[in-house]
Amino acid sequence: MTDTSETVLQARDGTRTVFLLAHTGRPAAIRSAELVVQGLLRAGIGVRVLAFEAADLPLPRSVETVPEATPEVLDGCELLIVLGGDGTLLRGAEFARASGVPMLGVNLGRVGFLAEAERDDLDKVVDRVVTREYEVEERMTIDVVVRRNGDIVHRDWALNEAAVQKVSPERMLEVVLEIDGRPVSGFGCDGIVCATPTGSTAYAFSAGGPVVWPEVEALLMVPISAHALFAKPLVTSPSSVLAVEVQPDTPHGVLWCDGRRAVELPAAARVEVRRGEVPVRLARLHHASFTDRLVAKFALPVSGWRGAPHNDT
């Protein structure tokens, strides 16, 4: 879903503020942050950063620092600019979802599907922010509930995926999969990935799942190294409820959400996944199709393509 309306927030005195989040452990991120901050300040746009990150960045004194990493620190900010790899971008997504502020990612890592720009595009990023030439699209999330004996023992969410995985390397995780209250199949495996279309190019992709275009609203369920004849990736309606039941006689497992937050799953745990109530908003600078992004990110071979045939009659 794309919102083409102006989404700029301004303080009462008319100033604009951008929040900057960076992986300060990367020298490239430190230099990139310096360039972005200088460009924004020259244009009269205020910059806010976390205090513990500011300590590692060569920032002017005019940059505002905040002590705690809470969603409230983005109050009054029109945009969240994130500099880093996939892990940093997912960290930024947590801020974006909780605050409702759009995230603009600059990839300093390897693939970076969540990023809108590469480090060589920093000047363009600053120019587009200054002139407000960006659009905002909403990406579907998933809400995750863990139950045991019918009681809810944990709640979480994910932008990419919720992965139920084994802990013990020598034993498989025995699970039964369920879609919309009906059992589908049971088998031993290394795990199950429940993903969004955004996450289809992340963990689900490496597990053999399909690539799903972001505008397609769907949920994915992808087995990892399943010991079964029928253990194919499943694509369901976005209104479906997916469930993974860990069998009582299997070793305990672990639930990972976006590879960042983990919780131990006891035997007989039930993990339910449904469409999230709160999306993540991403700022977009380019109008390039997802197909072009896919080809570029994975360096796919397209030589020899001649395009669609033209009818001159």
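Computation of the quantities below employed the complete heavy-atom set of this structure, encompassing side-chain atoms and omitting hydrogens, waters and symmetry-equivalent molecules.
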>> Between D180 and V241 (side chain of the first, backbone of the second, donor and acceptor by atom type, cut-off under 3.5 Å), is there such a pair?
In response: yes
>> Would L282 and Y134 count as a side-chain contact (heavy atoms from CB on, under 4.5 Å) here? Give the steps.
In response: CA-CA 10 Å; L282 299 181; Y134 61 86; over 6 Å; no
> Is a side-chain N or O of R48 found less than 3.5 angstrom from the main chain of E64, in a donor-acceptor match?
Replying inline: no
> Under 3.5 Å, is there a donor-acceptor pair between the side chain of K166 and the main chain of P169?
Replying inline: yes
> Which of parallel (below 30°), tilted (30 to 60°) and perpendicular (above 60°) describes F95 and F19?
Replying inline: parallel
> Out of curiosity, L122 CG to E34 CD, how far, rounded to the nearest 0.5 Å?
Replying inline: 11.5 Å
> Looking only at atom types and distance, does a side-chain atom of R275 sit under 3.5 Å from a main-chain N or O of S237, one as donor and one as acceptor?
Replying inline: no
> Should we count NZ of K297 as having more than 12 external heavy atoms under 6.0 Å?
Replying inline: yes
>> Less than 3.5 Å apart, any donor N or O on the side chain of E68 or T70 sitting next to an acceptor on the other?
In response: no
> Under 3.5 Å, is there a donor-acceptor pair between the side chain of R261 and the main chain of W157?
Replying inline: yes
> For E135, does its backbone N or O pair with a side-chain atom of R284 as donor and acceptor, under 3.5 Å?
Replying inline: no
Please tabulate, one pair per line, all N/O donor-acceptor pairs under 3.5 Å involving side-chain atoms of residues 195-208, not counting sequence neighbours.
| from | atom 1 | to | atom 2 | distance (Å) |
| --- | --- | --- | --- | --- |
| T196 | OG1 | L159 | O | 2.6 |
| T196 | OG1 | N160 | O | 3.4 |
| T196 | OG1 | T198 | N | 3.3 |
| T196 | OG1 | G199 | N | 3.1 |
| T198 | OG1 | R139 | NH1 | 2.9 |
| S200 | OG | P197 | O | 2.8 |
| S200 | OG | V212 | N | 3.0 |
| S200 | OG | V212 | O | 3.3 |
| T201 | OG1 | T198 | O | 3.4 |
| Y203 | OH | Q165 | NE2 | 2.8 |
| S206 | OG | Y203 | O | 2.8 |

> So, the side chain of D258 versus the backbone of E161: is there a donor-acceptor pair under 3.5 Å, distance only?
Replying inline: yes
> When clusters are formed by joining ILVMFWY residues with side-chain heavy atoms under 4.5 Å apart, either directly or through shared neighbours, do L173 and V176 land in the same one?
Replying inline: no
> Heavy-atom count around L229 CG within 6.0 Å, excluding the residue itself: above 12?
Replying inline: no
>> Just to verify, what does D56 make a side-chain hydrogen bond (donor to acceptor under 3.5 Å, both in side chains) with, not counting sequence neighbours?
In response: T24
>> Other residues, nucleotides and ligands only: do more than 12 of their heavy atoms fall within 6.0 Å of CD on E277?
In response: no
> Atom CG of L41 and atom OG of S62: how far apart are they, to the nearest 0.5 Å?
Replying inline: 4.5 Å
>> Between E116 and R293, is the salt bridge (charged side-chain N to carboxylate O under 4.0 Å, His left out) condition met? List the steps.
In response: CA-CA 10 Å; E116 181 63 10; R293 183 184 294 264; 3.0 Å; yes
